[in-house]
Amino acid sequence: MKPSATDRRRANPNPGTRVDIDTSHINRDALRVISGLHAAGFQAYLVGGGVRDLLLGFSPKDFNIATDAHPEDVRRQFENSRIIGRRFRIVHVYFSQGYVEVATFRAAGRAHVNEQGRILADNTYGSIEEDAFRRDFTVNALYYDPEAGQLLDLVEGRQDLGAKLLRVIGDPELRFREDPVRMLRAVRLAAKLGFGIEAQAKAAIGRLGYLLSEVPPARLFDEMLKLFHGGYAVQTFQALHDSGLFKYLLPLTEKALQDPSQKRFSDLVYGALQNTDERIRAGKPVTPSFLYAVFLWGPMQVLARQLELEGLSPRVAREAAMKDTILSQLRYTSIPKRLGFPIRDVWELQYRFYRKRGKQVFRLYRHPRFRAAYDFLCLRAGAGEPVDKLCEWWTVFQAAEPGMQKKMARSSGGKAGKTLYRPRSKTYH
């Protein structure tokens, strides 16, 4: 017989250890949810990356809550909530600034898995002790009760925090087979935190990277955003290469980067990743379409040259290469249509930048992707591609008064004269 909510309302048998955490760094809405669950007689803790980052002295953005309340209990407690998910049912409690995610303690070792060990469903509820041992890494299995100021650590996660070590809970091979995306999370977290990955898990990643090929492309697209839009894109990129996982996300890019003749492309990738990190740290927006345009630029150009050698005109070869490169990437990570068109626009405008006369100049300048394409152009110049004069001309054109812009567009060859200069920083929108 399933126990009632009243049966599960009990005093916490694991009071934990007192820790000094400034609650002003904790999301107010998360504190409201915890307070509401406590008032209803349930256990409720902050858990995961938010607790980890608080202990490391960071200011987390996301706070997740773990509780012994079942999803239906949470839903009844908060009218502003909704149960979501099938494989893993959780509750989102909505507030004016977003939502707080609430998950019920899961039972360890009772998830439904397929023949390969992949988790198909995980809605069997258990105790907080079981929940801790089914989480991915020890540093993500720390539970904090902000009202009592108590930290519960059942897997020596705090010790690993001090040692700057990312350790998988349980057998790494088994845990990665349950969910191959955990390998990407391990690499991303290690890069972000500056941690090492313990030897057994590191070896398992080297053996099991191929399992990412079985993950749906849509899910890997979501992971791509986390990997490269977290403010540590450069470190993450290098870590993905070192671990051998990058080729399962962007195999065309990997092949181009391995080509000794593609050093400029390698410099372009690093320049774009560094620029992405700078923008994120400055609170400026970034778009995944821009990074995809960078990652696939080298492969697209190689294919375009091959098609020209086969007899296609440069323009037809270019258009075919753009289309085929994006289609080839879709087998690995999905690219929503809302991103596919901007990628092609940024690429196409690279060739239109050479048209610096007459009305074509102003049509290009008014193009909705002009700024992104211009920033891409200047990143190419910074990587050593022979487009530095183009970058300079368009930089001057943007800064010029309307009368001077018309004069530049009328001049022979569209040359900007002695006032050419390089932009001090290359950014994109």
Side-chain angles (χ1 to χ4, degrees), residues 264-265 267-298 300-301 304 313-319 321-323 326 338-429:
R264 288 174 178 169
F265 175 54
D267 291 344
L268 173 65
V269 169
Y270 271 101
L273 293 172
Q274 183 177 14
N275 187 266
T276 297
D277 288 341
E278 291 171 355
R279 286 185 65 83
I280 290 172
R281 290 167 190 167
K284 297 179 180 180
V286 295
T287 64
S289 61
F290 192 93
L291 272 185
Y292 266 106
V294 170
F295 281 136
L296 299 177
W297 172 250
M300 186 278 291
Q301 285 194 303
S313 69
R315 180 170 182 173
V316 173
R318 187 168 68 241
E319 291 176 351
M322 290 178 185
K323 179 180 178 181
I326 292 176
R338 62 182 172 82
L339 302 182
F341 291 117
I343 292 171
R344 293 186 64 167
D345 283 347
V346 167
W347 286 343
E348 180 60 35
L349 264 56
Q350 301 308 299
Y351 303 95
R352 289 175 58 184
F353 277 125
Y354 289 94
R355 305 172 189 173
K356 300 179 294 182
R357 287 183 63 93
K359 294 181 180 180
Q360 296 181 91
V361 173
F362 294 96
R363 280 199 294 267
L364 175 53
Y365 189 44
R366 290 191 295 267
H367 194 287
R369 313 285 183 216
F370 171 82
R371 181 65 193 188
Y374 161 76
D375 292 333
F376 191 100
L377 175 73
C378 292
L379 282 173
R380 290 173 57 209
E385 290 193 43
V387 292
D388 53 326
K389 295 300 182 184
L390 277 180
C391 172
E392 292 170 352
W393 193 92
W394 283 101
T395 299
V396 172
F397 179 85
Q398 292 176 80
E401 296 294 330
M404 178 58 70
Q405 288 181 338
K406 291 179 181 178
K407 184 177 180 180
M408 291 175 66
R410 287 196 303 266
S411 65
S412 176
K415 294 179 181 179
K418 296 182 180 180
T419 58
L420 297 180
Y421 65 93
R422 287 268 181 93
R424 278 183 282 180
S425 64
K426 301 180 178 67
T427 61
Y428 58 83
H429 294 271

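The figures here come from the full heavy-atom set of this structure, side chains too, leaving out hydrogens, waters and symmetry mates. Because the structure is predicted, anything quoted here is derived from the model rather than measured.
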field: Stepwise side chain to side chain contact (heavy atoms under 4.5 Å, CB included) check, Val387 with Tyr354
entry: CA-CA 9 Å; Val387 292; Tyr354 289 94; 3.7 Å; yes
- prompt: Going through the distances and angles, do Trp394 and Leu364 end up as a side chain to side chain contact (heavy atoms under 4.5 Å, CB included)?
  reply: CA-CA 11 Å; Trp394 283 101; Leu364 175 53; 3.5 Å; yes
message: If you apply the rule side chain to side chain contact (heavy atoms under 4.5 Å, CB included), what do you find for Leu291 with Leu273, and how did you get there?
response: CA-CA 8 Å; Leu291 272 185; Leu273 293 172; 4.0 Å; yes
field: Step-by-step side chain to side chain contact (heavy atoms under 4.5 Å, CB included) determination, Ile326 to Trp347
entry: CA-CA 12 Å; Ile326 292 176; Trp347 286 343; 4.1 Å; yes
field: Test log, rule side-chain hydrogen bond (donor to acceptor under 3.5 Å, both in side chains), inputs Trp297 and Gln301
entry: CA-CA 6 Å; Trp297 172 250; Gln301 285 194 303; 3.1 Å; yes
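Closest heavy-atom contact between Leu390 and Lys356: CD2-CD, 4.0 Å. For the pair Leu268 and Ala383, the tightest heavy-atom approach, listed with the atom from each and the gap, is N-CB, 3.5 Å. Between Ser289 and Leu339, the closest heavy-atom pair is CB-O, 3.8 Å. Ala373 approaches Gln350 most closely through the heavy-atom pair O-NE2, 3.0 Å.
Atom CZ of Phe265 is separated from atom CZ of Phe295 by 8.0 Å, given to the nearest 0.5 angstrom. Note that CZ of Phe353 and CZ of Phe397 are 11.0 Å apart. Values are rounded to the nearest 0.5 Å. Going from atom OG1 of Thr276 over to atom NZ of Lys284 covers 12.5 Å, rounded to the nearest 0.5 Å.
Between the Arg410 side chain and the Arg357 main chain, no donor and acceptor come within less than 3.5 Å of each other.
Residues Glu348 and Arg318 are paired through a salt bridge, judged by an N-O separation under 4.0 Å between the basic side chain and the carboxylate. A salt bridge links Glu319 with Arg315; the closest basic N to acidic carboxylate O contact falls under 4.0 Å.
Arg380 places none of its side-chain heavy atoms less than 4.5 Å from the side chain of Arg264. At least one side-chain heavy atom of Arg371 sits less than 4.5 Å from a side-chain heavy atom of Gln398. Counting heavy atoms from C-beta on, the side chains of Glu385 and Leu377 never come closer than 4.5 Å.
Remark: aromatic rings of Tyr374 and Tyr365 are distant, center separation not under 6.0 Å.
Atom CZ of Phe341 has 12 or fewer neighbouring heavy atoms from other residues, nucleotides or ligands inside a 6.0 Å radius.
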